[in-house]
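Working notes for the structure below.
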Amino acid sequence: MRNFWKMGLLLTASLVGAQDLEAILDRLENQNRPPASEADMTLRIINRNGQERARQIKAYSQTLSNGDTRQILIFTAPADVRDTRFLTLDYKDDAKTDEQYIFIPALRRVRQIGTSGGESRTGSFLGSDFTFADLGTLERKDFNIRLVGTEALDGVNHFVLEYTAKNPTVINNYGYGRVVRWVNSQNYSSRKSEYYNAQGRLVKRSLINGYKIVNGYGQFESIEMNNLETGGKTVWSFDKNTILPSIDEKFFTLRFLERGR
Amino acid sequence: MKNILLLMGLAASLAAEEPELRLGGFLKPTLHVAPSSDASTLWPMSGLTAGLSFQILAGDLSFKIGLDGYANVAGLGTQLGEWKFKLAEPTDYFWKAATNMNLGLHLKEFYLELPIEDVDLRIGKQVFSWGLADGNNPTDVLNPRRLGTRVTTSLDEQKLGVWAVAATWNLPDNLGAISGIYIPLSVANDLPLEAFTQVVFPGSIVPPIPKQVIEFQEFETWSFLPQDHEGGLRALFYLGSFSTSVSYATVMDRLPDYDRSTSLVPGSPGVNTTTYLPRRWRQHRFGWDFTVLAEGWDIRGESVFVLTADLEGTDIWKKNPYLQAVLQVSRSYFDGILNASLSWAPTWVVNHKSPDDYTDPNLKNEVLQFNGFSRGFGQGYSFEQAVSGRLAFTLLGETLKPDALLVYNVMARDYLAGITVTYNLADAWNLKLGANYYGSARPKDDPDRDFGPFGNANTNPGDRFYVELRWDF
């Protein structure tokens, strides 16, 4: 059965051979994003026994005209993580390294997220099945990317892209040696991703649910990250998402991260 | 009049927008067991720590009150002395009936914060966090700490708020911040020092030897005097994967030195009194710290050079200038499940003299006394270095966090081993089990044991196990 599936992929790969991989990536990475948004989110962390913990998050995001994106997540509940704030600055320019910072109220300090230390990029994001690295993007400069075929999901054709880490440093930075993504061939949104560790073992699978176009911008209802090693999963859902024409720059500063205002 | 206008302005600001009120806090019942103690102190701390914070947000303005409460009721059922009242500083209230029976209430935060363009102004009682190193921050001295007066299990619990005016200029493009702090009320660390008078020799007429008395005077732990005002400046820069800051703080030493004097009242027998007055002297602290995140390594360093009142090192009873530093290297393994770190913390004392440098036995004895009085925070060695290793695990999606720490002082040859396991029972509920073991490689009768913080009989809080349950709301 597995071989049959592979054969199918090979066949479809040849069918889409004319498709320019670069064009797919361009469409995928340059989705029409709102200039700004404000959202209420819930992060449900469910272990393999079905026990659940929930975190409430207020999020603000911004897309600049040069393609840079910024996001701040503010944990509002439960009380033991309240006022933890997390800032991501994603630069379109490959020459600039993306930045992530976290404010931990118990320490009263801002810490930069690195590849090691107490909060490493490959470590769990506040106890969830997402890592800090998962909250960023897969940078083209870090991976050899291949179109390995197409596959129908929910009756819609999807391109299957394989990202292979270029070197051990990239594996250290992302925590994965290989990532396979299913990209909707109609709207170029990512639907599913599978994450393989450095040894090539499939360790996590994410699913994006409820993708729709609202006011010309792609939005989804939830993203589910299944941890195949622990049997647990985390569901990150939008309870409310408001597109804004603009947003105060203050949200994306270390000043706001530390003060919360 | 100016104050009234300011208050009216603030009231108008608060009224301009519907204020948001935030209430939060925690309750933390704790049980400590000291297995090596006698029955009366077997439970050195069993009681409750609580925190309550109340914040009003209106527009850009915010006002915060933070209170800490502490009740050690381990002495319940034992014979108690009279309740004694102590003020570690004007808004820190402490009642004590026994070592293991006391109550405390501390106004930790009480401040108004207002932004003016790129500057944040914060006025009132507050807590500062300086230093980019993890846990061991030699530059972080603006807040005094509780040392030995109550059992604390986190750094933030140790800190007392200070009354201050702080201005922070936030640099553009997330480059960093420059802050200036003025502290009109200088407060010492909260230490278990009490005044006493002790007759160490009753005296004799034949042969004629005066009565020998030691008088240990009250430690004045806070001062409003203009010459004791404090301040600090810090410039912090975030430069990609490299962060650094330079700082200067002028503070009164958080730990006491001593004025020692002797007096002889003639008589038959006379009375020879040696008086020790705990005193604090000004320190000028020049700090530098950094963080480098590169190639899977997290490297942090922090150092401070401290100019003290005894620059030449000629006064036995005052601290000499010193350089204190820490270098930490850590790395994560197994996708962040394990974080392993090593740390080296050297301290170099300028113009240091050891007891053996004195030929006069009285002076030699004084040096030994000073190091004993300094309770392990003195300057026993010209060059001391602490090495430590830590393994911190994050398991089951941050539900279970075991942590093991070993610290060893190379010259003092004493050590601390600690293990904690934190378990997240449910949202906002955390259970922590811990054990601390203090020891020294030196024999018990070795006077040098007093030179180290972990082998020192005065500071060694004793081996212990503890359980704490924390509920945040």
Side-chain angles (χ1 to χ4, degrees), chain A residues 45 47 51-55 77-83 87 89 96-97 99 101 105-129 131-132 168-169 172-173 175-176 197 203 227 230 232 234 250 252-261, chain B residues 22 24-26 57 60 62 113 115 118 120 127-129 131-132 134-135 154-156 159 168 170-177 238 240-241 243 291-300 330-333 335-337 339 341 392 394 396-399 424 426-430 470-473:
Chain A
I45 305 162
N47 71 14
Q51 293 164 319
E52 184 175 318
R53 289 181 292 155
R55 274 105 171 81
D80 54 344
V81 296
R82 186 170 51 217
D83 291 333
L87 174 66
L89 306 173
K96 291 181 79 174
T97 306
E99 297 170 56
Y101 300 89
L107 301 178
R108 298 176 190 258
R109 280 187 166 93
V110 168
R111 290 183 62 110
Q112 189 172 6
I113 306 298
T115 51
S116 189
E119 293 83 25
S120 72
R121 272 174 56 82
T122 57
S124 165
F125 176 68
L126 292 177
S128 73
D129 295 292
T131 64
F132 286 97
T169 304
N172 274 340
N173 282 342
Y176 309 117
N197 66 10
V203 289
N227 190 323
T230 65
T234 298
K250 74 173 185 183
F252 312 104
T253 61
L254 293 168
R255 179 187 193 180
F256 184 89
L257 190 71
E258 190 162 349
R259 292 175 66 231
R261 331 200 37 247
Chain B
R22 290 184 188 171
F26 69 91
L57 311 171
D60 283 333
S62 84
E113 187 174 64
D118 292 332
D120 291 318
V127 176
F128 300 98
S129 284
L132 292 168
D134 263 338
S154 75
L155 185 63
D156 200 57
K159 285 187 176 179
T168 302
N170 300 281
L171 300 175
D173 300 324
N174 289 326
L175 188 60
Y238 293 104
S241 56
S243 306
T291 306
V292 179
L293 308 172
E295 301 297 325
W297 295 95
D298 184 319
I299 303 165
R300 292 169 187 270
S330 67
R331 193 176 177 92
S332 289
Y333 298 91
D335 290 339
I337 287 175
N339 185 56
S341 55
T394 304
L396 308 176
E398 291 198 352
T399 304
N424 182 225
D427 286 342
W429 287 89
N430 287 283
R470 179 173 168 131
W471 173 56
D472 288 86
F473 59 92

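Here the structure is a predicted model, which means the values were calculated and not measured.
Heavy-atom distances place the side chain of N170(B), and not its backbone, under 4.5 Å from chain A. In this structure, the portions of D120(B) lying under 4.5 Å from any heavy atom of chain A include both its backbone and its side chain. Both the backbone and the side chain of D118(B) come within less than 4.5 Å of a heavy atom of chain A.
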R22(B) and D83(A): CA distance, side-chain angles, deciding distance, side chain to side chain contact (heavy atoms under 4.5 Å, CB included) verdict = CA-CA 11 Å; R22(B) 290 184 188 171; D83(A) 291 333; 4.1 Å; yes
How far apart are the C-alpha atoms of T399(B) and I45(A), what are their side-chain angles, what is the distance that settles it, and do they pass the side chain to side chain contact (heavy atoms under 4.5 Å, CB included) test?
-> CA-CA 11 Å; T399(B) 304; I45(A) 305 162; over 6 Å; no
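Ranked by heavy-atom pairs shorter than 4.5 Å toward chain A, the options S341(B), S243(B), G131(B), G24(B) are led by G131(B). Between chain B and the residues A77(A), A54(A), G127(A), the most heavy-atom pairs under 4.5 angstrom are made by G127(A). Most heavy-atom pairs under 4.5 Å with chain A, from the set A177(B), S62(B), G135(B), A392(B): that is S62(B).
Ion pairing between a basic and an acidic side chain is recognised when a charged N comes within 4.0 Å of a carboxylate O; D134(B) and R111(A) show such pairing.
With hydrogens and angles disregarded, no donor-acceptor distance shorter than 3.5 Å links the side chain of D80(A) to the backbone of A426(B). Checking side-chain atoms of D427(B) against main-chain N and O of R53(A) turns up no donor-acceptor pair under 3.5 Å.
Put simply, CD on Q51(A) and CG on L396(B) are 10.5 Å apart, with the number rounded to the nearest 0.5 Å. Atoms CD and CG, on Q112(A) and L293(B) in that order, are 5.0 Å from each other to the nearest 0.5 Å.
Under the side chain to side chain contact (heavy atoms under 4.5 Å, CB included) test applied with T253(A), the options D173(B), N174(B), L171(B) reduce to a single match, N174(B).
A pairwise comparison of heavy atoms in G25(B) and R82(A) identifies N-NH2, 4.3 Å as the closest pair. Minimum interatomic distance between Y101(A) and G240(B) (heavy atoms only, all atoms of both residues): OH-O, 4.5 Å.
Inter-residue side-chain proximity for V110(A) and Y238(B) is flagged as met; some heavy-atom pair is nearer than 4.5 Å. Contact of the K250(A) side chain with the D60(B) side chain is registered, since non-hydrogen atoms from C-beta on lie closer than 4.5 Å.
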